[in-house]
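Below is one structure; the comments refer to it alone.
Lettering of chains follows the sequences in order, A, B, ..., and the numbering in each one begins at 1. All values reported here derive from a predicted model rather than from experimental measurement.
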Amino acid sequence: MKYDYPTIEKKWQDIWDEKQVFAAKNDYSLPKFYPLVEFPYPSGQGLHAGHPRPYTALDIVARKRRMEGFNVLYPMGWDAFGLPAENYAIQNNVHPKIVTEQNVKRFREQIKSLGLSFDWSREINTTDPAYYKWSQWIFLQLFKNGLAYKSKMAVNWCTSCKVVLANEEVVGGSCERCHSEVVRKEKVQWMLAITKYAQRLIDDLDEVDYPERVVASQKHWIGRSQGALVDFNSTAGDLLQVYTTRPDTLFGATYMVISPEHPYIEKWADKIQNMDEIKVYQAAAAKKSDFERTEVAKEKTGVQLKGVMGINPVNNAEIPVFVADYVLVSYGTGAIMAVPGHDQRDWEFAKKFDQPIVEVVSGGDVDAAAFEDCDTGVMVNSGFLNGLSVDDAKAKITGWLKEQGKGEPKVNYKLRDWVFSRQRYWGEPIPIIICDKCGFVPLDEKDLPLTLPDVESYRPTGEGDSPLAGLDEWVNCTCPKCGGAAKRETDTMPQWAGSSWYFLRYCDPFNDNAIASPEAIKYWMPVDWYNGGMEHTTLHLLYSRFWHKFLYDIGVVHTPEPYSRRTSHGMILGEDGVKMSKSRGNVINPDDIVNEYGADTLRLYEMFIGDFEKTAPWSSNSIRGCKRFLDRVWNLRESAQTGEAYSPELESSIHKTIKKVGEDIETLKFNTAIAALMTLLNEIADKGSLTRGEFKTFLLLLNPFAPHITEELWETLSFGGMVTEQKWPAFDSEKCKDSTAEIVLQISGKIKARMNMDAGLDKEQMIALAKENPEIKGILSERGIVKEIAVPGKLVNFVVR
RNA sequence: GCCGCCGUGGCGGAACUGGCAGACGCCCGGGACUUAAAAUCCCGUUCUGGCAACAGAGUACCGGUUCGAUUCCGGUCGGCGGCACCA
């Protein structure tokens, strides 16, 4: 009988479905395991070769854990709000809901064809009103706790399409669709105060098991810095406050710079003599897109405020004040003290605008370049700081500033509050009513969900408002507080909203009274193992950690962190070694692979392709090796003989393989786990036959990787029940040890001979035996031994003269 | 520029804590089976020289530590990912 994978795979997928084999149990007395993969955005293109990699990896872990007796929750769902469906809707005038439904259907079929052990009874969809009811509920809690507020923010504005663009729609400073200019435009937006959680988001990284690179990028994104606020007086009479991480260099501050948006420009308008020039500069800066503003970073621009001078608090020197767009209004105080001797940006600016450059830390050459990396230097030209180290100077000046009432220590973060509004249709409506009398009024929780109404056109309005703004009968409503006429908020939430808490919903997906029942959350959370792409290590991870911490603060969840362990898979590239893309024509469609080789082969290959955490190019040739392996496993059923025991020839290898496969699965080394199974198969083939007991163990080990073929063989050989219901095999560590070992014999580190020795020998015994080796004996007779080194089980090395 | 990761055969990749470099797979070459082909099975396969036994070289490059370095340290070059005027 041939290995008929299409029939076999269909058969077992139907059985799993029908018997709900992989449904998580609601028995909270069992030990639990909650593995999670990032739920996909169901795009129109369907699955690509990258999707099955993480899904299969955690599927392997999930299947192993079930066999180890855990109650496993391995769920799947759809992150289905988002731009592509909306853009498709605009172009074809089809409701995004319809498009989304079609895409979800296709994705579900494709994923099911891979034989993944997801608990489909808990499938969720962020666009389902029963789901987004709770996204809206969380927003209301944030609002009620003062963490959601409205504020003017710059948005990307396409001058031709007249719409607000998401950052990913801006390509190289122009609109992705029409290629015309994108500029900054101020709009009032909902914001979430994630910055209030900045420190906790850093500190609690110590509590979780994340890869180093993920921890680093989270910290980098939050961007904590320790510095000081310093008050500079001015000839205009107002204090101009700056933030600096280098208060020790205060004596080197020879001028100041404020950002074009700084409020003092307006305040000082009557004192500034060149206001016209300043206004021109401000206008030019405002017109620049973010892209231009950073693109032209090389060349510094700016204008001096004539008629106003700053006063350096340490020496009362009058110093000029410039406006320049290299100073950002959104960071620190929007104003800086410039220390051109020790900051490269200030140095470049000083050179261009002919400002004095003063060295305050010795060791560099400030005429050639700013001396930035000056931690080892000594203070000079710095009055009472002279002679101190940088660290001591920092401490002393900070104390002095405080004494004088001219400054204080300050921690700053690069992290900004989260812009939470989108002027789009396909997202969760923000459940807020805007009342002229009462301001922003939260929708009553009993009125949730606030469902997305149907609209005529999915195109944002020409003023950049969401398409919802055109629906008068939806927008106009009564204020829940005063009963007067009011309007609904027409902005919707970003795609990040639904994905910031979805792991909680899986715990109890159909609960209509809460995110999930407290018992379910208490039992299942935190997620034990969360795998996702590196592209989500900053935003998604940070946003969901933030929401979780908030939910912790209001008592909805019991752990401050949502995920105990995070891992990241590498991307699968096209055969040509570059990222798969439609335009390059190098996209591999999993459907084709499933048809040609079967799901088990695809799963095996995706795991065998290389180090799980690294990118790897697809190879149409290599996958054939995985198919061959399964063909050979299939043919084993003819060689299986009676007997439950392991044969003496294979016993040790089997125990070693059980150990190796088990360990490798836990440490993400799926490729070497498969290699170990291949090695064992080669040994079995060399021997020519195997016992039923040996075959059973082999199938159990292979099952998480290739579930269909192993179930079929298990059934064919009448081993009883299903593989899925079996226990994960155990190994005996005594039997993993070899009785003899081939020992390498070296002379001064060079291999001269090898010999077999009893594995239990100690160093002295090994050295004694090695000296008897004819090859070694010959060499040693001519040269004197300087040193004897023995490593049990490995080698003996004689260092000679 | 900054942060992180990486550099091993023709290819994807192995190598625990410093101890036989190249596991496993692909490709390729040879053979068996076949009328033939495919499939399958067996043998070979880092490079150089040699019919061979064998000898020498070899983990991007230069240097260091060590009895011994793919592994640790310093430097150089190259690639990938992310961030980027954050004072």
Side-chain angles (χ1 to χ4, degrees), chain A residues 211-217 219-221 223-225 227 242-246 249 253 256-257 259 293-300 324-328 330-339 342-346 348-349 372 412-416 534-535 537-538 570-571 573 577-579 604-605 608-611 613-626 628-629 631-632 635 660 663 667 669 671-682 685 741-751 754 785-800:
Chain A
E212 200 45 51
R213 55 180 175 161
V214 174
V215 171
S217 64
K219 285 187 180 166
H220 185 247
W221 190 262
R224 183 186 201 273
S225 71
V242 303
Y243 172 72
T244 179
T245 53
R246 296 296 307 275
T249 62
M256 302 177 79
V257 186
S259 74
R293 231 166 128 157
T294 53
E295 188 64 5
V296 294
K298 314 281 177 284
E299 184 72 0
K300 298 276 180 288
D325 67 2
Y326 82 91
V327 172
L328 309 173
S330 49
Y331 185 76
T333 62
I336 62 157
M337 61 178 214
V339 184
H342 302 279
D343 182 288
Q344 190 58 29
R345 292 156 309 179
D346 296 343
E348 284 164 19
F349 191 87
E372 287 186 323
N412 254 336
Y413 303 91
K414 291 182 191 172
L415 185 68
R416 310 290 161 78
M534 278 306 283
E535 70 273 24
T537 49
T538 46
M571 218 191 324
L573 305 173
V578 290
K579 202 170 163 173
L604 208 59
Y605 177 60
F608 188 63
I609 195 167
D611 185 330
E613 297 185 275
K614 292 188 192 142
T615 54
W618 184 267
S619 163
S620 299
N621 270 331
S622 292
I623 192 170
R624 305 227 297 263
C626 292
R628 261 174 227 161
F629 170 69
D631 283 336
R632 294 174 68 205
N635 292 333
K660 173 85 177 148
E663 288 171 356
T667 52
K669 294 173 153 190
N671 53 339
T672 50
I674 294 168
L677 288 167
M678 288 174 167
T679 306
L680 181 58
L681 177 67
N682 289 342
E742 192 183 49
I743 303 298
V744 171
L745 306 182
Q746 299 182 332
I747 298 292
S748 296
K750 290 238 174 212
I751 298 161
R754 299 161 210 275
I785 298 174
V786 176
K787 198 171 174 184
E788 296 171 348
I789 295 148
V791 181
K794 302 270 186 202
L795 58 77
V796 176
N797 184 14
F798 296 104
V799 184
V800 297

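Regarding A:D325, its CG atom lies at a distance of 15 Å from the C1' atom of B:rA87, rounded to whole Å. Distance, A:L415 CG to B:rA84 C1': 16 Å, rounded to whole Å. Following rounding to the nearest Å, A:K660 (NZ) and B:rA14 (P) show an atom-to-atom distance of 10 Å. With rounding to whole Å, A:M534 atom CE is found 10 Å from B:rC5 atom P. For A:L681 and B:rC41, the CG to C1' distance is 13 Å, given to the nearest whole Å. Rounded to whole Å, atom C1' of B:rC85 lies 9 Å from atom CD of A:E348. When the C1' atom of B:rC42 is taken as reference, atom CZ of A:R632 falls 12 Å away, rounded to whole Å. Counting to the nearest Å, the C1' atom of B:rC67 and the CG atom of A:L745 are 15 Å from each other.
You'll find that the side chain of A:Y331 is closest to B:rA87, out of B:rA87, B:rC3, B:rA15. For A:H220, the side-chain atoms get nearest to B:rC83 when compared with the rest of B:rG13, B:rC41, B:rC83. In the set B:rA87, B:rG12, B:rA14, B:rA87 carries the atom at the smallest distance from any side-chain atom of A:T245.
B:rU8 sits 13 Å from B:rU71 when the P atoms are compared, rounded to a whole Å. Annotation: B:rC20 and B:rC72 have their P atoms spaced 16 Å apart (nearest Å). For the P atoms, the distance from B:rC6 to B:rA52 is 40 Å, rounded to whole Å. For the C1' atoms, the distance from B:rC41 to B:rC33 is 9 Å, rounded to whole Å. Across B:rC73 and B:rG82, the matching P atoms stand 27 Å from one another, rounded to whole Å. Comparing the C1' positions of B:rU59 and B:rA69 gives an interatomic distance of 11 Å, to the nearest angstrom. Comparing the P positions of B:rU70 and B:rU34 gives a spacing of 49 Å, expressed to the nearest Å. Nucleotides B:rG22 and B:rA57 place their C1' atoms 15 Å apart, quoted to the nearest Å.
Panel note: side chain A:N797, backbone A:S748; a donor-acceptor pair is recorded below 3.5 Å. Judged by distance alone, with hydrogens and angles left aside, the side-chain atoms of A:D346 form a donor-acceptor pair with the main-chain N or O of A:V339 at under 3.5 Å.
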Report summary line: Each nucleotide of nucleotides 18-24 of chain B classed B (base within 4.0 Å of a protein heavy atom), S (only sugar-phosphate) or -, in 5' to 3' order, makes -BBS-BB

Report task. Determine, for nucleotides 26-34 of chain B in 5'-to-3' order, which nucleotides have protein heavy atoms under 4.0 Å from the base (write B), from only the sugar-phosphate (write S), or from neither (write -). Result -> SS-------

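Among the heavy atoms of the strands, none lies under 4.0 Å from A:S217. A:D611 comes within 4.0 angstrom of the backbone, heavy atoms only, and of no base. Nucleic acid contact for A:S225: sugar-phosphate only, since backbone atoms but no base atoms lie under 4.0 Å from a heavy atom of the residue. Looking at heavy-atom distances under 4.0 Å, A:T538 makes no contact with the nucleic acid at all.
B:rG9 adopts a syn glycosidic conformation, its chi angle falling within 90° of 0.
Residues A:V214 and A:M534 meet the side-chain proximity criterion, which asks for heavy atoms closer than 4.5 Å.
In terms of position along RNA chain B, the nucleotide closest to A:R213 lies nearer the 5' end than the nucleotide closest to the other residue of the pair A:T244 and A:R213.
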**Report entry** Bracket string, RNA chain B, 5' to 3' - pairs by Watson-Crick or G-U geometry under 3.5 Å, | interstrand
**Finding:** (((((((..(((......[....))).(((((.......))))).((((....))))..(((((..]....))))))))))))....

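Contact between the side-chain N/O atoms of A:K669 and the OP1/OP2 oxygens of B:rA15 is found at a separation under 4.0 Å.
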